[in-house]
4 protein chains.
Amino acid sequence: MASGKPSAAATPLRQPQQARSRKTREKIVQAAEDLFESKGYEATTTNSIARRARASVGTFYLYFPDKRAVLTEIFHKAVDQIFGRAMEGLKPEYWEKADLREGIGALIAGVLDSRDVRPGIQRILHERYFKDPAIKTAMDAMLQEGVQAILGLMDTLSDRLRVRDREAAAFVIYATVDALAARVMIAESPIDPKRLTTQLTDLISRYLFED
Amino acid sequence: MASGKPSAAATPLRQPQQARSRKTREKIVQAAEDLFESKGYEATTTNSIARRARASVGTFYLYFPDKRAVLTEIFHKAVDQIFGRAMEGLKPEYWEKADLREGIGALIAGVLDSRDVRPGIQRILHERYFKDPAIKTAMDAMLQEGVQAILGLMDTLSDRLRVRDREAAAFVIYATVDALAARVMIAESPIDPKRLTTQLTDLISRYLFED
Amino acid sequence: MASGKPSAAATPLRQPQQARSRKTREKIVQAAEDLFESKGYEATTTNSIARRARASVGTFYLYFPDKRAVLTEIFHKAVDQIFGRAMEGLKPEYWEKADLREGIGALIAGVLDSRDVRPGIQRILHERYFKDPAIKTAMDAMLQEGVQAILGLMDTLSDRLRVRDREAAAFVIYATVDALAARVMIAESPIDPKRLTTQLTDLISRYLFED
Amino acid sequence: MASGKPSAAATPLRQPQQARSRKTREKIVQAAEDLFESKGYEATTTNSIARRARASVGTFYLYFPDKRAVLTEIFHKAVDQIFGRAMEGLKPEYWEKADLREGIGALIAGVLDSRDVRPGIQRILHERYFKDPAIKTAMDAMLQEGVQAILGLMDTLSDRLRVRDREAAAFVIYATVDALAARVMIAESPIDPKRLTTQLTDLISRYLFED
DNA sequence: GATGAATGAGTCTTCATTCAT
DNA sequence: CATGAATGAAGACTCATTCAT
């Protein structure tokens with residue numbers, strides 16, 4: 001870094017070593033991700049992660065202080081992806097048009113969509129929520145951000161809204177959509193996602209707007 | 001229970017033993033409940049359960065095949081209690097009156113209320129949902145029953161409803177109320193429960209009924 | 001204890017179980033003692049202790065919270081034995097006679113003698129002195145007691161003593177005899193113990209008494 | 001050192017490399033010394049030594065076959081320093097005068113003084129005495145030398161001495177002073193060093209000389 | 001000379017479960 | 001019915017040492 005970034009082919013010297021190291025690290029993260037996803041967090045041993053990454057336990061502990069640390073890393077990456085996907089539907093472009101239902105549809109679709117991102121990891125986040133403060137904190141932050149985004153949206157639509165207590169409303173909406181999405185992902189819903197989406201759209205649009 | 005209570009003086013000799021046995025079993029269940037609630041499932045050892053029940057591990061395994069079994073038992077009892085409380089608000093008496101908001105209020109209150117029942121156990125149900133099929137099955141059944149109850153209610157209110165796809169609607173309502181209740185219990189909601197309840201009532205009544 | 005001690009043959013009921021347990025515990029302590037003595041503390045693993053005691057690691061941890069705990073126990077037993085032996089020479093009976101050299105001889109002999117008690121353990125005490133606070137504390141206490149004993153003796157001999165600062169003198173004497181004894185035990189002394197004893201006796205008697 | 005210092009301008013080209021190499025080696029030794037002193041031998045890892053020396057583990061093993069080797073080197077340096085300091089008090093200049101107590105005072109002061117040199121290292125020597133033969137050998141040699149020095153001194157003072165078995169006496173004196181010094185360093189002595197020194201001087205002078 | 005990534009045998013420790021009494 | 005001592009497989013983590021670059 002101190003030497004600045006020279007023209008492309010100039011500094012291959014040290015790179016290989018660092019590149020190898022980065023690769024190893026990535027192999028470990030990937031292995032952990034696979035195993036956490038398939039066997040769950042607790043059932044995955046550090047030894048098995050190393051083995052799957054074709055490395056040794058020692059190498060694992062070279063890159064991570066302990067098992068939790070890999071999970072935290074994986075989950076940070078995942079949260080960004082998941083949240084990015086979920087926020088997709090809140091982009092103003094969906095809301096500038098006249099059709100409000102379309103906006104709500106996009107909101108719901110986005111959240112539902114985000115549930116397809118690393119479902120195994122989401123499952124683990126779910127079960128470790130109370131046990132791992134780092135996870136709780138980050139998931140709570142996600143909730144906060146989601147609520148803020150909805151509040152922002154409400155400002156845009158201000159004159160058409162019928163709700164008074166917007167803060168509570170935003171929270172209720174986020175929680176509702178999120179919960180339904182969770183049910184769908186978990187596939188515990190015996191009802192077709194499309195029907196659910198329709199009803200959810202009705203639920204929210206009737207709540208927010210005069211018919 | 002199935003054998004009925006024999007007339008007072010009939011078989012007094014055998015009774016004590018069975019009674020004592022039942023008592024031991026109950027002490028164990030109680031001890032497990034306390035410990036699961038305070039320390040979580042995995043952090044509770046069979047030895048500690050036995051110790052707290054003032055029994056020996058051997059006795060524990062006399063009544064239960066393994067650790068999971070106590071949890072299953074506890075959770076069956078808990079589900080009944082929790083569910084009973086939640087269903088309270090669906091009793092027809094709240095719905096026969098003219099004021100529909102009152103009924104919805106009762107529904108929400110019931111579910112919220114049910115979250116106060118053995119919160120530690122509910123937390124465990126939450127985290128073991130994917131790991132313990134017995135738990136998944138029973139919680140899913142609870143969902144089903146809830147949905148059915150709401151559907152039944154809808155039949156009663158048939159003419160006043162504006163929703164078409166009642167099955168999906170019932171599911172959406174149950175999931176929504178349940179999710180909000182969960183957020184409240186977990187105390188992860190930065191917003192006052194009362195405000196949430198108000199909004200939730202609005203949400204659902206606008207969804208179900210014409211203004 | 002509460003029930004008092006009944007006539008010999010009365011309470012054999014529970015005894016067997018407890019006796020077995022005590023035996024196991026003793027086997028473990030003995031095994032640990034042997035291994036610590038032959039291989040040193042750090043080189044001895046909990047597994048090897050269990051194996052030598054013909055028990056399992058689990059059993060080891062049934063009786064001791066960790067490795068240090070066995071060492072502490074062993075060393076408490078040892079300290080009593082060692083110290084008892086060392087204090088032997090301070091008994092008044094050796095000092096009531098006219099010959100003061102005889103008393104000093106007994107003092108030295110006692111300490112030297114005490115070095116034959118569990119030399120391997122003493123070696124460990126020596127090397128763990130700084131690392132294990134429990135050991136430091138107890139050894140320091142031993143020193144204190146030794147010094148006190150010598151001070152007591154000085155009171156007895158009060159009129160014949162030439163030293164003024166008795167407290168410091170007692171400390172110096174204890175430390176000196178102890179150090180010499182250590183050198184002899186460690187067998188690092190190229191000089192015959194008897195010659196050392198003679199010189200040590202001279203050293204101390206000239207220090208304490210007029211010729 | 002063996003090759004001598006070449007005349008200034010002779011081989012300046014090669015010198016830097018060797019000088020750098022020597023520097024690296026020294027940095028490693030210094031780092032090890034610091035860490036051993038502050039954390040103890042076992043708690044210091046080869047990696048941490050390298051890190052502190054701003055070198056890599058590989059470099060460490062370039063200069064030393066294993067961890068023990070650095071300790072041996074450090075301790076050789078230390079022994080020279082410590083011993084040099086301790087022997088200070090045996091210089092004839094202190095003994096040529098008439099006042100014998102002054103000589104003995106110097107002897108004691110020297111040894112006490114030497115305990116201030118690298119106390120952390122001395123502590124390690126203490127605990128590794130039995131584990132590391134190299135250490136045992138060298139410390140025993142130190143003892144031998146000390147005893148020899150005292151014997152030499154005795155020859156000088158021959159006519160004033162009252163002791164017969166000089167060899168044993170020298171050993172006893174060395175061990176005594178050394179032990180007291182150790183007690184003082186370890187700060188386990190509840191008594192003021194000055195008082196101890198006075199008594200120690202009395203002890204030895206009464207032993208060696210007629211009053 | 002120097003690097004530092006990689007290794008893996010070896011430690012301590014836990015806990016559900018069994019079984020002789 | 002009840003006991004509780006005993007088990008041992010399994011898991012997280014460490015660190016001296018090697019070796020390809």
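Side chains included, hydrogens not; waters and symmetry mates left out as well; all remaining heavy atoms used. Order of the sequence lines fixes the chain letters, A, B, ..., with proteins taken first and strands second; residue numbering starts at 1 for each chain.
Across B/Phe75 and B/Ala138, no two heavy atoms sit closer than the pair CZ-CB, 3.1 Å. Considering every non-hydrogen atom in both A/Val29 and A/Val70, the closest pair reads CA-CG1, 4.4 Å.
No engagement by B/Ala50 is indicated, since no non-hydrogen atom pair under 4.0 Å with the nucleic acid exists.
Counting only residues at least two apart or on different chains, the ring pair (Phe, Tyr, Trp, His ring centres under 6.0 Å) pairs with a member in residues 20-56 of chain C are C/Phe36-C/Tyr41. Residue pairs satisfying the salt bridge (charged side-chain N to carboxylate O under 4.0 Å, His left out) criterion with at least one member in residues 56-69 of chain B, sequence neighbours excluded, are listed as follows: B/Arg68-B/Asp132.
The separation between C/Tyr63 atom OH and E/dT14 atom P is 17 Å, rounded to whole Å. Separating the NZ atom of B/Lys23 from the P atom of F/dC1 is a distance of 14 Å, rounded to the nearest angstrom. When the C1' atom of F/dT7 is taken as reference, atom CZ of C/Arg54 falls 16 Å away, rounded to whole Å. Atom CG of B/Leu62 and atom P of E/dC19 are 14 Å apart (whole Å). Atom P of nucleotide F/dA6 and atom CD of C/Glu26 are separated by 12 Å, given to the nearest angstrom. Straight-line distance from the CZ atom of A/Phe64 to the P atom of E/dA5: 14 Å, rounded to whole Å. The distance between atom NZ of A/Lys39 and atom C1' of F/dA10, rounded to the nearest whole Å, is 14 Å. Look at CD1 on C/Ile28: it is 11 Å from C1' on F/dA5, rounded to the nearest Å.
Side-chain N/O atoms of B/Thr24 include one lying less than 4.0 angstrom from OP1 or OP2 on F/dA2. Listed pair A/Ser56 / E/dG8 fails the phosphate criterion, with no side-chain N or O lying under 4.0 Å from OP1 or OP2.
Every stem involving DNA chain F, taken as at least 3 paired positions in a row under the Watson-Crick or G-U wobble test at 3.5 Å, is listed here: E:2-21 with F:2-21.
Taking the centre and axis of the six-membered ring of A/Tyr63, the NZ or CZ atom of A/Arg25 falls outside the cone set by 45° and 6.0 Å.
With sequence neighbours left out, the salt bridge (Lys or Arg N to Asp or Glu O under 4.0 Å) criterion links C/Glu42 to C/Arg128, C/Lys131.
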Without placing hydrogens or testing angles, list every side-chain donor-acceptor pair under 3.5 Å for residues 50-57 of chain B, not counting sequence neighbours.
| from | atom 1 | to | atom 2 | distance (Å) |
| --- | --- | --- | --- | --- |
| B/Arg52 | NH1 | B/Asp34 | OD2 | 2.7 |
| B/Ser56 | OG | B/Thr59 | N | 3.4 |
| B/Ser56 | OG | B/Thr59 | OG1 | 3.1 |

All N/O pairs under 3.5 Å across the protein-nucleotides 15-18 of chain F interface:
| from | atom 1 | to | atom 2 | distance (Å) |
| --- | --- | --- | --- | --- |
| F/dA16 | OP1 | D/Lys67 | NZ | 3.0 |
| F/dA16 | OP2 | D/Thr46 | N | 2.8 |
| F/dA16 | OP2 | D/Thr46 | OG1 | 3.3 |
| F/dT17 | OP2 | D/Tyr61 | OH | 3.0 |
| F/dT17 | OP2 | D/Lys67 | N | 3.4 |

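Other residues, nucleotides and ligands contribute more than 12 heavy atoms inside 6.0 Å of the NZ atom of D/Lys77.
When side chains are defined from C-beta on, A/His126 counts as touching B/Phe130, because their heavy atoms get closer than 4.5 Å.
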